[in-house]
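Below is one structure; the comments refer to it alone.
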Amino acid sequence: MLKDLLEGKPLRHPIHPMLVHFPIGLFVLSFILDLVSLAPSPRPFLVSASFYAMLLGIITALLAAVPGLVDYTDIRRDHPGKKTATSHMVLNLVAVTLYAINLWLRIPALPDSKVGSTPLILSFVGIGFLSASGYLGGRLVYDEGIAVGRHKLRAPTPRTTLHLSTMQAEKKNGMNFVPLPEAERLHDGETLRVEIDKQVMTIARIGDQFYAFQEFCTHRFGPLSEGSFHGFNVQCPWHNSCFDVRTGKVTNGPAKVDLKTFKVEKRDGKIYVGVPAP
Amino acid sequence: MKWLLDILKGTWLGHPLHPILVHIPMAMWPSALIFDLLSQQQIGGNAMVRLSFYAIVFGLATALLAVPTGLVDWSGIKKEQPAWKIGLYHMLLNLVVAILFAVNLCLRWPTFREATEVDSIPLLLSAIGTLILIVSAYLGGRMVYEYGISVARMSKKKWRKLAAAGGANLPLE
């Protein structure tokens, strides 16, 4: 599938972060060559060299945009990183537009030995946008864990969080059983991300059984609704901690603390998840 | 000593420093190969030969800067973790690549000011260097995307707050 290819699943490594090295490096190189061209006794051809670096930067930036957009659409709609990703994309669009104008302005001045002031200012501003945008892109990986361990997963990740309330719950033995009609549509190995009164949990279907456990891994809080399943184990996408979904017990580190699990009941073909009544 | 480690780890920036710095050599050296190939196709003349030369210089300078940040990140990985060994290979391959491009640069030095075409031996060195670099960079990327090295290192407080608000079981602090 094209989407899997653009997400780098066959390579087991996302494509967008591989390609972005090129525009970042080449735009910085182009700016440095501009600055050197302003030295008192400039070397020849620096203006042309800077132009070629910028041209290759723009080409590779456009290439990187394609898998970047696919990665963007794959982020859960209510993920805290979604806004960061939107800013990252807008800043990149501005930067590439600035560089396209910049490149155009340079064409008539290629034989010069010193760079003109307008292209130089545009490059300076471009570097500013690029730095901010690159920083946000890095934060998406290192803070939000976007695309980390994504290739381990075959099932689709939840598109959004279902917000449910104990208002519709059936009370039984000091528990609130909240109906989960969405769970009935899950296939084997698929998950829901559900929030009930601030408790965020993963609902997973394994075979014909349903399991509910806390969403956040007990190591560094990775999203278990985006985890992969191996028998009755869920593996965290970030640092590969494994837990038995039936008991919440850690089956493989680095996590040391067990997961909180929730009771799932099936009655008359309907699925309910039990949360302790306050 | 701790302040130096914090600088190298990127704690002050809220972002690990090594993956930022490596963008430069990772872009410069494969681009140098592209510029070499273009110059052999009679495109760009001496400007292209010089561009390739400057790209290799800039790559070497930033690669040296990236070494201490990489070493610090690697030293934070426990030896029994699979990422430790990958990090070791990543480091050794990078060393080979940097040496290849340093030799490459020396071979270009006498002629880059006038030549309109890159010679075949420097071009071959660029090609071999780029191939090894791709393998090495892939390993570096695997450390992040497969083993989560540096992932949630700086954001774990934020995530803990979210998890704690819903009464989830938490790791010890």
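These numbers were taken from a predicted model, which means no experiment stands behind them.
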Among A/G145, A/P237, A/A147, which residue forms the greatest number of heavy-atom pairs with chain B at distances under 4.5 Å?
A/A147
Of A/T60, A/V28, A/V47, the largest count of non-hydrogen pairs under 4.5 angstrom with chain B goes to A/V28
Gap between atom [atom2] of [Y] and atom [atom1] of [X] - 0.5 Å precision:
X      : Y      : atom1 : atom2 : result
B/L162 : A/F216 : CG    : CZ    : 5.0 Å
A/H13  : B/R142 : NE2   : CZ    : 8.5 Å
A/S131 : B/I20  : OG    : CD1   : 9.5 Å
A/I24  : B/I24  : CD1   : CD1   : 8.0 Å
A/L29  : B/Y54  : CG    : OH    : 10.5 Å
A/H239 : B/Y147 : NE2   : OH    : 13.0 Å

Is [X] in contact with chain B via its backbone, its side chain, both, or neither, using a 4.5 Å heavy-atom distance?
X      : value
A/M201 : neither
A/V148 : both
A/K256 : neither
A/V20  : both
A/H219 : backbone
A/F51  : neither
A/L56  : side chain
A/L33  : side chain
A/P23  : neither

Using non-hydrogen atoms only, which part of [X] is less than 4.5 Å away from chain A: side chain, backbone, both, or neither?
X      : value
B/R113 : neither
B/Y138 : both
B/M28  : side chain

Run the side chain to side chain contact (heavy atoms under 4.5 Å, CB included) check on B/Y145 and A/V141 step by step: do they pass?
CA-CA 9 Å; B/Y145 296 103; A/V141 173; 3.5 Å; yes
Between [X] and [Y], is there a donor-acceptor pair closer than 3.5 Å when you use the side chain of the first and the backbone of the second?
X      : Y      : result
A/R220 : B/V151 : yes
A/H21  : B/A27  : no
A/Q214 : B/N169 : yes

Would you find more than 12 non-hydrogen atoms of other residues, nucleotides or ligands less than 6.0 Å from [X] atom [atom1]?
X      : atom1 : result
B/I43  : CD1   : yes
A/F31  : CZ    : yes
A/K263 : NZ    : no

Residue, of [options], that accumulates the most heavy atom pairs under 4.5 Å with chain A:
options                : result
B/R50, B/M48, B/Q81    : B/R50
B/A83, B/P16, B/A165   : B/P16
B/R153, B/M154, B/R160 : B/R160

Under the side chain to side chain contact (heavy atoms under 4.5 Å, CB included) rule, what do B/W159 and A/E144 come out as? Steps first, then yes or no, please.
CA-CA 9 Å; B/W159 288 111; A/E144 312 290 353; 3.4 Å; yes
Side chain to side chain contact (heavy atoms under 4.5 Å, CB included) between A/F45 and B/L51, worked out:
CA-CA 9 Å; A/F45 295 123; B/L51 177 56; over 6 Å; no
Closest approach of B/S155 to A/D143 (non-hydrogen atoms, all atoms of both residues):
OG-O, 2.9 Å
Heavy-atom pair with the smallest gap, counting every atom of A/Y52 and B/G44
OH-CA, 3.6 Å
So, do A/F221 and B/K158 sit near enough that their side-chain heavy atoms are less than 4.5 Å apart?
no
A/Y142 and B/H15: aromatic ring centres closer than 6.0 Å?
yes
Side chains of A/H151 and B/E146: any donor to acceptor distance under 3.5 Å?
yes
